[in-house]
Amino acid sequence: MFVSENLGVNEKGNLTIGGTDTVELAGQYGTPLYVMDEQAVRKACRRFKSSIDKYYDGKGLACYASKAFTCLEMCRIVADEGMGLDAVSIGELYTAVKAGFDVTKIGFHGNNKTDEELEYAVDVKVGHIIVDNISELLRLERIAEEKGVRPDIMFRIKPGIDAHTHDFIKTGQIDSKFGFALETGEAFEAVKRAIECKNVNLMGLHCHIGSQIFDIEPFEEAGRVMLKFIAKIKNELGYEIKGLNLGGGFGIKYLNEHDPVPFETYMEKVSEVVKSTCSELGITQPYIFIEPGRSISAPAGITLYTVGARKEIPEIRTYISVDGGMADSPRYILYKSEYEAIVANKATEERTERVTIAGKCCESGDLIGENMPLQHAESGDIIAVCATGAYNYSMSSNYNRLQKPAVVFVNNGESRIAVKRETLDDIIRNDI
Ligand SMILES: *Cc1c(COP(=O)(O)O)cnc(C)c1O
């Protein structure tokens, strides 16, 4: 009935998430409110882990791409599920370290890491650093030499795959700011150089072809391309690349008509391709990493708002304004992302209207969505926007000096605050 499996309706006719009444959550914690379902997060982690066990003999690690949604509590939950983690900045890394995450399972990403970030990553001994470009390689080599260490690194490679997704979230093709290009020979030259570096250990190659991808073929193709490159390195340089990171980007269901491939099928197909390609090429099967972000946190989350004004413009559209907007839900203004919305206190009613849900920020484009099917919404109703657990809180801002909402975790009918709502004093905290 609803887009995410963890949503339901209780005897009061209210929307529930993980069995918890969303209208009560709105009353208890206020709105806007991010709600994350702990069991949904755990279940997604387990599905990735168990499919690696089943289809790739456990020789791999699923690393949660923490940029999708992170805070101390999220790190603790993901760690408890035995996952690895990706961090793309010192802030994400610091969060994971402070949460007690096993640093050996952390991969440190970023296309323009600063020296401060590289030094921090080396100091806390992250599992590996995914190097994006030559200047970074040379800076890391120097830092590692100064500190007398030899960090494991991977190279981020652009495999030249065109995944069918939005231009802004497509990263594997040659015209991308991320990584070394294969086609031009840039990647091969970089590998040669890394092998000569005494203070770094090139242990793997990485690729990430984009986000919200529904097909399996681009992932399979990326796997083949990367393995061929690994074989070339072995044959021409006599060097064995032991790890292969196939990235993330698994599509999720934002609308009922979306039909993502189950992760199990993805892992089954990609494992088959990796195994058969390795035997064709005569190379050892690499240890595999995958980096799901959105697919772990998005379906686990919803955002709750309170309806303020209802504005009907005859023959044009009806605006339903809510008490948040692009500051807490920036994906619409960034790339016209679509969501399902439900009037949480009228969850059993039919969605009889099509409305534009607008935020309260001073931008005409500040919408949660247009032409959204919705129950008849009036001032004071609670609206739940579904599958918002990824790239909402993590991309939120204080635009218009709005206070960032709280994040609440629900778990089997109980709720707890994971991130407090910002106060007005937080808004001026760094002002002098
Ligand atoms: C963003 C990102 C991911 C996660 O992408 P999702 O679409 O959230 O699964 C994984 N790896 C890298 C390198 C990324 O930049």
Side-chain angles (χ1 to χ4, degrees), residues 36 41 44-45 47-48 51 60-70 74 78 83-89 91-93 96 105-113 121 126-133 136 153-159 161 163-173 176-180 204-216 218-219 222-223 226 243-254 258 260-263 266-267 270 288-301 330-331 334-335 337 387-395:
M36 294 294 291
V41 170
C45 292
R47 285 179 61 191
F48 278 110
S51 45
L61 183 65
C63 300
Y64 172 57
S66 73
K67 70 171 194 254
F69 168 77
T70 191
M74 184 67 177
V78 170
M83 298 272 287
L85 190 104
D86 273 4
V88 299
S89 70
E92 287 182 4
L93 196 50
K105 287 186 180 173
I106 299 180
F108 189 47
H109 271 286
N111 70 300
N112 195 22
K113 303 174 191 75
V126 291
H128 57 271
I129 297 173
I130 297 106
V131 172
D132 181 275
N133 54 68
E136 181 186 337
I153 64 164
M154 289 203 191
F155 269 162
R156 175 148 188 176
I157 306 291
K158 289 187 264 199
I161 307 292
H164 307 282
T165 183
H166 192 290
D167 268 353
F168 291 176
I169 45 181
K170 199 161 70 173
T171 55
Q173 75 286 24
S176 164
K177 70 169 182 168
F178 297 104
F180 297 96
L205 298 179
H206 168 279
C207 67
H208 171 70
I209 55 174
S211 207
Q212 188 61 358
I213 299 168
F214 286 104
D215 312 326
I216 292 186
F219 290 112
M226 296 294 283
L244 175 59
N245 191 325
L246 292 167
F250 316 114
I252 70 119
K253 204 167 163 146
Y254 283 112
H258 292 161
V261 178
F263 327 139
Y266 159 82
M267 210 50 225
V270 171
I288 292 272
F289 297 85
I290 54 169
E291 305 174 315
R294 183 193 313 270
S295 45
I296 287 180
S297 59
R331 293 187 63 254
L334 274 175
Y335 23 70
S337 53
T388 56
Y391 305 110
N392 278 289
Y393 171 72
S394 65
M395 284 187 170

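In listed order, ligands and their atoms are each counted from 1.
For His109 (side chain) and Asn111 (main-chain N/O), no donor-acceptor pair under 3.5 Å exists by modelled atom type.
In this structure, Gly249 has a heavy atom closer than 4.0 Å to ligand 1.
Each of the following atoms of ligand 1 lies closer than 4.0 Å to a heavy atom of His206: 13 (C). Near Gly248, the atoms of ligand 1 lying under 4.0 angstrom from a non-hydrogen atom of the residue are 9 (O), 10 (C). Heavy-atom proximity to His109, at under 4.0 Å, picks out these atoms of ligand 1: 13 (C). Those atoms of ligand 1 that come under 4.0 Å of a heavy atom in Gly293, given as number and element, are 4 (C), 6 (P), 8 (O), 9 (O). Every atom of ligand 1 is numbered from 1 in the order shown, and the set under 4.0 Å from a heavy atom of Tyr391 is 1 (C), 4 (C), 5 (O), 6 (P), 8 (O). Ligand 1 places these atoms under 4.0 Å from at least one heavy atom of Arg156: 13 (C). For ligand 1, the atoms sitting less than 4.0 Å from at least one non-hydrogen atom of Ala65 are 3 (C), 4 (C), 10 (C), numbered in the order shown with element in parentheses. Distances below 4.0 Å separate heavy atoms of Glu291 from the following atoms of ligand 1: 3 (C), 4 (C), 9 (O), 10 (C), 11 (N), 12 (C), 13 (C).
With Ser211, Ala298, Ser295, Gly247 as candidates, the residue nearest to atom 6 (P) of ligand 1 on a non-hydrogen basis is Ser211.
Using cut-offs of 30° and 60° on the angle between ring planes, the pair Phe180 and Phe155 is tilted. Phe48 and Phe263 have parallel rings, their planes meeting at less than 30° on a 0 to 90° scale where 60° marks the start of perpendicular.
In this structure, CD1 on Ile130 lies 6.0 Å from CD on Glu291, to the nearest 0.5 angstrom. Taking OH of Tyr393 as the reference point, atom OG1 of Thr70 lies at 8.5 Å (rounded to 0.5 Å).
Residue, atom and distance of the protein heavy atom nearest to atom 15 (O) of ligand 1 are Lys67 NZ, 2.6 Å.
By the 4.5 Å heavy-atom criterion applied to side chains, Ile296 and Val41 are counted as neighbours. At least one side-chain heavy atom of Gln212 sits less than 4.5 Å from a side-chain heavy atom of Ile252. Contact check for Ser51 versus Tyr266: no side-chain heavy atoms found under the 4.5 Å cut-off.
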